[in-house]
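Notes to accompany the following structure.
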Amino acid sequence: MPFTSPQAQPSFFGWDSLRSPKTGLLAEGGGQLGIYGVGALQCFFDAGVTFPYYIGVSAAAANLASHLAGHRERTARFYLEYALRKEYMGFRSYLQTGSFFNMHYIYDTLTNHLDPINYETLLACPDEIRVVATNAATGRAEYFDNGAFAGRHCTALMASCSLPVYCRPVEIDGSFFFDGGVADSLPVEQLLADGCERVVALLNRPAGYQKRPEKGSLFYSILLRQWPETAHALRKRHLNYIASLQKLEALEREGRAVLIRPKVALPMRTFTRRPRALLEQVQQQGYEDAKAALALS
């Protein structure tokens, strides 16, 4: 639902002054859980709220790119419609492409042809964009900036979403990359290193969430024997996540962060695609939580 008129802004953060001091928007990945963040971005779209800096991981990076390209509804279609298509993901895709998610269908067929992203608007965006991906050889995070879209392709997004084991790594300029969440699920330290003094974080988990070690971690050394550093990064992923979340919560206590997250665990999982009504409910929840954070009516 669109906004009517904004009321008084909360003085503790100052939503009317997101550029000085510099405030960054951080968006957590998580597959289909990302539809919560889609709702929040639609809220920002309706309210006309923009940031000088955006950083996203995995599916959330794709959400941000579409948002910055000026699309309000486009991203939701990927969760509500396209994810149901046999070409999008599943064992058929795995047998045909070696990846559970058909990245070329998502980030070429759909993104460049059937439901094209507006590259003109995206490339003209004056704000900083960071797409997080994990270097398969080093197991460390790398951060692609606005220039990643200069060739009018979304290879950086493809890399950021390529889950190890489920997907093959994506090659960019001779290096191979996996999902950004492997090395840096909540890139608050990079956000601060890039000069942001405050942060708004779109998170998919409620307060009190404790990330556990990855299931099947004992088999990573076998399944990812070509990429041992990626396997190592997966085994310590939960520790990095906890440390980053603690940093965000510390910034929140200091009045330097606003964490937009569900009050209770979302009623879905990473690969949930049905029923549509459930996804729409989570999307609306993200919208309302962002609206409450903005203190707008």
Side-chain angles (χ1 to χ4, degrees), residues 15 18 22-47 49-72 74-76 78-79 107 117 122 125 127-134 141 143-146 148-149 154 156-161 163 179-194 196 198-206 209 211 240-241 244-245 247-249 251-252 257-262 266 270 279 282-283 285-287 289-291 293-294:
W15 288 93
L18 296 178
K22 183 180 178 181
T23 304
L25 178 66
L26 182 158
E28 179 183 8
Q32 291 291 95
L33 293 173
I35 197 167
Y36 176 83
V38 170
L41 289 175
Q42 289 179 333
C43 176
F44 292 149
F45 189 98
D46 292 342
V49 172
T50 63
F51 298 81
Y53 180 98
Y54 297 81
I55 188 166
V57 183
S58 193
N63 295 349
L64 291 180
S66 189
H67 177 74
L68 293 173
H71 304 288
R72 186 187 187 280
R74 178 181 180 275
T75 309
F78 281 74
Y79 292 84
Y107 291 111
I117 193 169
L122 180 58
C125 178
D127 302 317
E128 296 176 67
I129 306 168
R130 297 289 183 273
V131 176
V132 187
T134 300
Y143 308 89
F144 294 93
D145 60 18
N146 304 52
F149 302 101
C154 289
L157 298 181
M158 190 184 302
S160 185
C161 294
L163 288 167
D179 189 293
V182 173
D184 199 358
S185 298
L186 299 176
V188 58
E189 294 293 350
Q190 184 63 35
L191 178 147
L192 295 173
D194 284 338
C196 293
R198 305 183 304 185
V199 56
V200 175
L202 303 181
L203 307 178
N204 299 325
R205 310 288 187 177
Y209 171 71
K211 190 170 183 62
N240 293 335
Y241 184 98
S244 295
L245 182 59
K247 179 67 175 181
L248 284 170
E249 291 174 340
L251 291 172
E252 182 182 40
V258 170
L259 309 187
I260 299 174
R261 52 186 174 181
L266 296 177
T270 302
L279 298 176
V282 172
Q283 177 184 355
Q285 182 180 345
Y287 189 104
D289 288 348
K291 180 179 177 181
L294 287 172

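Atoms considered below: every heavy atom in the structure, side chains included; atoms not considered: hydrogens, waters and symmetry mates.
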Atom pair CD (Gln190) and CG (Leu26), whose distance is rounded to the nearest 0.5 Å: 11.0 Å
Glu189: side-chain hydrogen bond (donor to acceptor under 3.5 Å, both in side chains) partners, not counting sequence neighbours: none
Charged N-O contact under 4.0 Å between Lys247 and Glu252: no
Contact summary for Tyr241 and Ser185, nearest pair of heavy atoms: CD1-CB, 3.6 Å
Nearest heavy-atom neighbours spanning Cys161 and Ala59: SG-N, 3.5 Å
Pairs involving residues 26-36, ordered by first then second residue, that meet salt bridge (Lys or Arg N to Asp or Glu O under 4.0 Å) (sequence neighbours left out): none
Side chains of Leu122 and Ile117 in contact at under 4.5 Å (non-hydrogen atoms): yes
Spacing of His67 atom NE2 and Thr75 atom OG1 [to the nearest 0.5 Å]: 9.0 Å
Residues Arg130, Asp194: salt bridge by 4.0 Å N-O rule: yes
Gln283 and Tyr36: CA distance, side-chain angles, deciding distance, side-chain contact (heavy atoms from CB on, under 4.5 Å) verdict: CA-CA 5 Å; Gln283 177 184 355; Tyr36 176 83; over 6 Å; no
Spacing of Leu203 atom CG and Ile260 atom CD1 [to the nearest 0.5 Å]: 9.0 Å
Asp184 side chain near Val57 side chain, heavy-atom distance below 4.5 Å: no
Heavy-atom side-chain proximity of Pro52 to Glu128 below 4.5 angstrom: no
Sidechain N-carboxylate O distance under 4.0 Å for Asp46, Arg72: yes
Beyond-backbone contact of Val49 with Leu294, side-chain heavy atoms, under 4.5 angstrom: yes
Full working for side-chain contact (heavy atoms from CB on, under 4.5 Å) between Phe78 and Ser66: CA-CA 11 Å; Phe78 281 74; Ser66 189; over 6 Å; no
Nearest heavy-atom neighbours spanning Leu157 and Ala62: CD2-N, 3.8 Å
Step-by-step side-chain contact (heavy atoms from CB on, under 4.5 Å) determination, Gln32 to Thr270: CA-CA 5 Å; Gln32 291 291 95; Thr270 302; over 6 Å; no
Residue pair Val258 / Arg198, side-chain heavy-atom distance below 4.5 Å: no
Contact summary for Cys125 and Leu68, nearest pair of heavy atoms: SG-CD2, 4.2 Å
Short side-chain donor-acceptor distance under 3.5 Å, Asn63 and Tyr79: yes
Candidate pair Leu41 and Leu202, rule side-chain contact (heavy atoms from CB on, under 4.5 Å), full reasoning: CA-CA 9 Å; Leu41 289 175; Leu202 303 181; 4.1 Å; yes
Non-hydrogen side-chain atoms of Tyr287 and Phe44 separated by less than 4.5 Å: no
Expected output: side-chain Asn146 to main-chain Ile129 donor-acceptor under 3.5 Å: yes
Inter-residue atom distance Leu18.CG - Leu25.CG, 0.5 Å rounding: 9.5 Å
N/O donor-acceptor pair under 3.5 Å between Ser244 side chain and Asn240 backbone: yes
Set of residues satisfying ring-ring contact (aromatic ring centres under 6.0 Å, His included) with respect to Tyr54, sequence neighbours excluded: Phe51
Nearest-0.5 Å distance that lies between atom CD1 in Ile55 and atom CG in Leu186: 10.5 Å
Shortest non-hydrogen contact from Lys291 toward Cys43: N-SG, 3.4 Å
Nearest-0.5 Å distance, CG of residue Asn204 to CZ of residue Arg261: 11.5 Å
Donor + acceptor pair across side chains of Asp179, Ser58 (<3.5 Å): yes
Gly56 versus Ala61, closest heavy-atom pair with distance: O-CB, 3.5 Å
